[in-house]
Structures are given as structure tokens and as C-alpha cells.
Number of protein chains: 2
Amino acid sequence: MINKKKTTIKDIANALNISPAAVSKALHDDSRISAKTKEAVKKVAKELNYQPNHLASALRRGKSNLVGVIVPRTNSNFFSSVIQNIEEVLNKEGYNIIITQSNESYKKECSNIDTLLFTQVDGIIASMANETISLNYYEKIKSKGIPLILFDRGENDLNVDYIGINDYESSHMIVEHLVEQGCKRIAHIGGYRRTRIFNNRIKGYIDALKKYDLPLDESLLIESSLTLEDGREKMLQLLNLKNRPDAVYVAGDYAALGALQVLNENNIDIPNDMALVGFGNEPFTSMVTPTISSINQHSTEIGKLAALTFLERVNNPDIKQTLNKKILDAELIIRDSSHVKKD
Amino acid sequence: MINKKKTTIKDIANALNISPAAVSKALHDDSRISAKTKEAVKKVAKELNYQPNHLASALRRGKSNLVGVIVPRTNSNFFSSVIQNIEEVLNKEGYNIIITQSNESYKKECSNIDTLLFTQVDGIIASMANETISLNYYEKIKSKGIPLILFDRGENDLNVDYIGINDYESSHMIVEHLVEQGCKRIAHIGGYRRTRIFNNRIKGYIDALKKYDLPLDESLLIESSLTLEDGREKMLQLLNLKNRPDAVYVAGDYAALGALQVLNENNIDIPNDMALVGFGNEPFTSMVTPTISSINQHSTEIGKLAALTFLERVNNPDIKQTLNKKILDAELIIRDSSHVKKD
DNA sequence: TATATTTGCTTAATCGTTTAAGCAAAAGTA
DNA sequence: TACTTTTGCTTAAACGATTAAGCAAATATA
């Protein structure tokens, strides 16, 4: 019953009394094989339950049709959605993906890269760990000559394709929205400036304040690790100021949630006493009370674009990889935490 | 600068004027190769930046050292944690994992299985999609003769290894806890009975009621898809009963969150007027107001055990795979939603 | 000293597929 | 008719590693 021995192209060849080469060509619809033979081969292949040996063909062709994906973690809605869309696009083109997580650790990221190169992937799509500063390992990918595509967390210096949202502009949208709600003192709990996307959000925040003639108060701009705990801490810090802000823009949803908890615990009216905006549109932002306004990072488009960019690269291997940024406009989703009812 | 041509075992052999076979053996510390040669080989390998071609060795040895993992989705804390632990254990043994998501769809699950078999994985660790009823595709894995390990969502009829928590006992723990809080009418919003784990939770609920001499009221036992929306709906249904329950045990955290929202919107005092317990210990259960009591499913242990079970199977291929259940005791985490302060 | 064993390598086959090169038969062209 | 071209296949060499079998030299044993 159970067919332990796997059927190979040779078995089909023997069954039909033709050569393995003919079988291979028939299965690939080679023009030099007659329609009759093709039909016969496909019929026998099905009968014998033939499954091509991917390893053999990959070895011979020098192409594995596997694409490696590296993300900081998969249990974030943003990353899992990006992955899903990468998969969807690439599957259609005959590629399969291998997902690995760095857990925000540089060391893990390096070992992931080794793993993927070892598996002979045809390319790597990655979002860098928070910890990552050295680019040695990413250079290693480039030196292998396989396409490297970065998204969300990228690095200009690598001179590769990058897909992300317009962080600078997102900050503008948020500040503009808060100004419209009547806020005059807008604080920003941002990420660390050394990470490019967080630096851009900070720059956008500062420039937007200027645009709306709001003074930049250094005590209202705080760098953070953006964890839930750190969000709580930094929010408390803001509440203890003599001159409290009337709005807080937090560069990550988890930290925004921490801030929300602190505000609720101190019975501060959101959004009337303090408006709150997060970043990332994690599902829980619409689950908590009050719901948190946030930025939609367009994970669907980022995933699709990353996959398409890879395909472009892999299909044009002679074109040298250069810095090539695709920046999407983000979308502000206004929820209860920043929507002042006017009457 | 860039070394396009990859170094092979042959290059090392040429450099040292020995045979490729000797190089291969030296790299694998074969006892029949002299220490001197081994040293020389390893030195040259490093100098030429040799990376073994995984495809070639996998083809030759008939082993890919890849393990496929199929989960309904990765953006759940439970699954991403299980995956992380599987990875940790298997990486140490030289295996890499390929993660695929079914999105709870049977069709996607089938195509994932095909993908993994195509990639010549050495085994598959899976948790079934909600939709999955037919086991044909899983039989296909078994018929290939590679180990199949199921976790969380499994099926007795497949007669393979299974790792999960004690769902029946978990329901007992929850009911016992609610009784201790003084609850007399405990409702259960469960999953569909056709899924074994949900059926077990329902059976546990019914038997626990008996144990504590609480009458089983059919109107208090509701089957659900356990989405947030459905949780809201079923909670409303319970609130509209003439004889309301004083506690609700929901078999999934997302649905529990929906229930919580409805209770909050109706200004019902949790837990005094209505106690609430969820299942799964998703991170948001400790983020919402009030925090939701829930069951910790021991994702760490499940992941590790799944990986170890696979290793056992793969290292003892002659032993026939049979139904082999490893059931862990779950842990009830008591939070504000079910903790009545006694005075 | 003669024989057996161990050491340290080489040779060559193999894994399953792809593909360049080749060749006879059929079909097309002059 | 005599040739070129096309069709439909076969042969055989790869891809890069592993490994069974073999063989000479070194070492051990009787």
C-alpha cells in the first residue's frame, strides 16, 4: 500500500521505454517532444504518483526557488501580514519562502542569515533587528550575489532595495490631526534616533511643530525602547511635568498602550485632557478602551512590493543592485483616543 | 573582490593535491583521515570561504535537514512561541525549519503540505486549520514515510504523535475557580464540538458542573467560531436571557475580549455581576480593562516537546508511528475579570 | 620473517534532474 | 532527385557532495 520508494523520472522512462531526458523535457513542455509522448508521460507520472525531487533539480539548475525571510518576530500583525503577502506573490511564481525570526537579536539574525545561505536560497527579504548596527552579515549576502530586499527596518548604507512607509510624512499627518483637535502642547515618545525610521519620525515631528508655529519643548521629546513597560514609564514622566502636554504621539502601539494604561489609572480624560496617537495599527488598538488612533503601515502593499522587487532582481541578475527606495504613504486611522467631539 | 564562483570541495582538493573524497571526510572528522590532513583541509576551507552546498549533500544523503511547520497563523502569541521553541531545539541538532501558514483554510493547508513535501522536508510538525475535516492530505505525509507530529489541533484518527494541553482538565480548573468566587450560574461560550479540543473543553465544563452540583442549563452552553465578533454576539445572547449567568467561561481569548467589550458597554460590573475567564493567555488579556483571567497553554513546552518528538522519530525510523499523546497540564492565570475581592 | 591489521588515502559510483550535443527519420525545399 | 531543415528523440556529462570498495604503505602480531 505505502509506496516507500519514490518514483523518479527514470521509472517513468522505463515504463514508457524512452529516455529519462525525454521524460524531463516532456514534463517541462519542451517543444522538441511530441504531443503524444508528453501526454503519455504525464499520464504515467500521475499514475505512479511522481513528485519531482526538488533537491536534484535545484542542484542541477543552481537555483533553489526558495526565498528567505527574516523578521524581528512573527507575532506582530504587521510582520505576519507582510509575510503572508510575500508568500502569496512568490508562490504564484513557483517560489517558496522560509521564515526566520531574529527576536530583535543581532546574533540570532546572523545565524539566520547563515542558515538561509546554507539552504541555498535564491534571495533574502529582511527587516532588521533593533539591535543590528553592524552590516557585515548583510554584506555577506550581497557578496554571494543573491538579491537582498529590505523592508520597514532598513539601512541606506547597504545600497539595496528598500520598501517602507513615509515615516517623516506620517509624523506630519499626526501632528496636523492633533492640531486640528485643538491640541497646543504635543509630546512625542519616539524610538531611538539611531534607527532610521524612528529618526525620521522624530524629524517629521519637529518640522511639523514648526509648520504649525508650536514651540519645540525639549522635555516633550523622549526617546524610548517602545515596549509597553517603557511606554508606561515615559508617560508617567510626562505627567510629572509642571507644564503637561495635551497630546502624546507615541512611535509604537505597544508603548502607546502602556501610556494609555497610565492615563486611565490616573483618571485622565482621553482625548479631552490628553489626546493619544500610536503607530502601527496593531489589532489591539481597536480593542482597548478608548480605542487608540494609529498609523496603518500598509503591510499588504509592503509585502507585495517586496516580493515583486525580489522577482525583478532575480529575473535581471545582470543589473547591479543599487539603493532603490520605494516609499509608501501611510494612513492615519482616527479612533476615540484623539477624536475630540466638537459641539 | 566579490567571489561569484562558489568554492566547492573540489577546489579545496585541488589546492591541497588530494581527492575530493578526502576533503569531504576531513570536514566530517572521519577517523580514517590523519589529523594533519584534517587541519590543512579546514584551514584552506576557511581561506577559500567554503560553504557546503546543502542541496548536493541533501540529495546524496536523501535527507534535507529541513522540517516543515504548519500553523493556522503566526500572529498569535501561542503559535509564534511554539514555533520559536521548535526552532531552538531543532537548530541545535542541525535542522532548519520552514514555517507556513494555513490561515485556517483547508485548501491553503493542502497546498502547504504539497510545498513542504516538494521541498523534501524530513518531517512535518503541524497544527490543523479550523476548517480541516478530511485527513487525506495528512495521510499523504504519512504515506511518504516521514514523521508527522501534531500539536494543539490534532486528530486521533491519524495515529501519529500529538502534543497538547489537558483541555478537559482545564475546564475543570476554570469551573472550580469560578465556584470558589461564589458563582452559581456559569455559562460557556465554546468552540465547535467537531474540533476535538473544543469538544473536550465542553465535556470538561459539563462534568465539572456536575461535580459541583450545579445544574446544566442548555441555554448557558453555546457553540461559537470564537472570533471577537462572535464573542460579542454570544455574550449579548446571554445577557438577554431571563435568567442571566453570573459567570462566563469563553473557550478563546479573542471571543472573551468581545464578551468583555459587551459587558463594559452595558456597565456590568466585572467580576461582581459577571465573572469572565478566557482561554489561551494572549498578551492582550493582561492589557485590557479589567484584565482577563485565562489559561496558559504552555507554548514553550509544547514547542520543545514537538521538536524532541520529531527528533525521536527521525532517529528511529524503523519504529512504526502510532498514536502517542503527550498531554500537558494547563495553568489558570487569575486576573481581575474573575477575582472577587472578599471582605 | 611472514602474515594480519590498521592507516590514509584514491577511485568511481551515486543521488535525481537538467541540458548541451548528437543523430536518425521525417518533412520541406530547390 | 538531392539537399537542407525540422522533428523527436538519445547519449552522456554535468551539479556538488557522500560513500562503498579498493589499494598501497605503515604498523602490529605470531
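Here is the naming used below: chain letters follow the sequence lines, and residue numbers restart at 1 for every chain.
Looking at the side chain of A:Arg32, the nearest of the listed nucleotides D:dT19, D:dT7, C:dG16 is D:dT7. Here the side chain of A:Ser34 is nearest to one of D:dT18, C:dT17, D:dG8, namely D:dG8. Comparing C:dT11, C:dA21, D:dT18 by their closest approach to the side chain of B:Ser57 singles out D:dT18. Closest approach to the A:Asn53 side chain among C:dT17, D:dA17, D:dT10 is made by C:dT17 (side chain taken as heavy atoms from C-beta onward). Side-chain proximity of A:Leu59 to D:dC15, C:dT10, C:dC9: nearest is D:dC15. Here D:dT18 is the nucleotide among C:dT17, D:dT18, C:dT10 with the atom lying nearest to any side-chain atom of B:Ile9. Minimum atom distance to the side chain of A:Ser19 is reached by D:dT11, of the listed D:dG16, D:dT19, D:dT11. If you check D:dT11, D:dA17, D:dT18 against the side chain of B:Ser24, the one that comes closest is D:dT18.
The side-chain contact (heavy atoms from CB on, under 4.5 Å) with A:Ile149 is formed by just one residue from the set A:Leu311, A:Leu305, A:Asp161; it is A:Asp161.
One can place CZ of A:Phe118 at 11 Å from P of D:dA17, the figure rounded to the nearest angstrom. Rounded to an integer number of Å, the gap from NZ of A:Lys25 to P of C:dG16 is 21 Å. Taking atom CG of B:Asp11 as the reference point, atom C1' of D:dC15 lies 13 Å away to the nearest angstrom. Per the geometry, NZ belonging to A:Lys63 stands 18 Å off P belonging to C:dT17, to the nearest Å. A straight line from NE2 of A:His54 to C1' of C:dT17 spans 12 Å, rounded to a whole angstrom. Between the P atom of C:dT6 and the CD1 atom of B:Ile33 lies a distance of 18 Å, rounded to the nearest Å. Nucleotide C:dT11 holds its P atom 12 Å from the CD1 atom of B:Ile18, rounded to whole Å. Rounded to an integer number of Å, the gap from B:Asp30 CG to D:dA21 C1' is 14 Å.
The residue among B:Arg61 and B:Thr37 whose nearest nucleotide of DNA chain C is located toward the 5' end is B:Thr37. Toward the 5' end of DNA chain D, the nearer of the two residues B:Tyr50 and A:Lys38, judged by each one's closest nucleotide, is A:Lys38.
For the 3.5 Å distance criterion, the side chains of A:Thr7 and A:Gln51 fail to qualify, holding no donor opposite an acceptor. A donor-acceptor contact closer than 3.5 angstrom is absent between the side chains of A:Lys42 and A:Tyr50.
Here the closest non-hydrogen pair linking A:Ile146 and A:Asp122 is CB-O, 3.7 Å.
Looking at heavy-atom distances under 4.0 Å, B:Leu55 makes no contact with the nucleic acid at all. Among the protein residues, A:Thr8 comes within range of the sugar-phosphate backbone only, with heavy atoms under 4.0 Å from sugar or phosphate atoms but none that close to a base.
Residue-environment remark: CD (A:Glu39) stays at or below the threshold of 12 foreign heavy atoms within 6.0 Å.
The base of C:dT14 sits with one of its N or O atoms less than 3.5 Å from a complementary donor or acceptor on the side chain of B:Arg60.
Seen from the ring of B:Tyr162, B:Arg153 does not count as a face-on cation partner, given the 6.0 Å and 45° thresholds.
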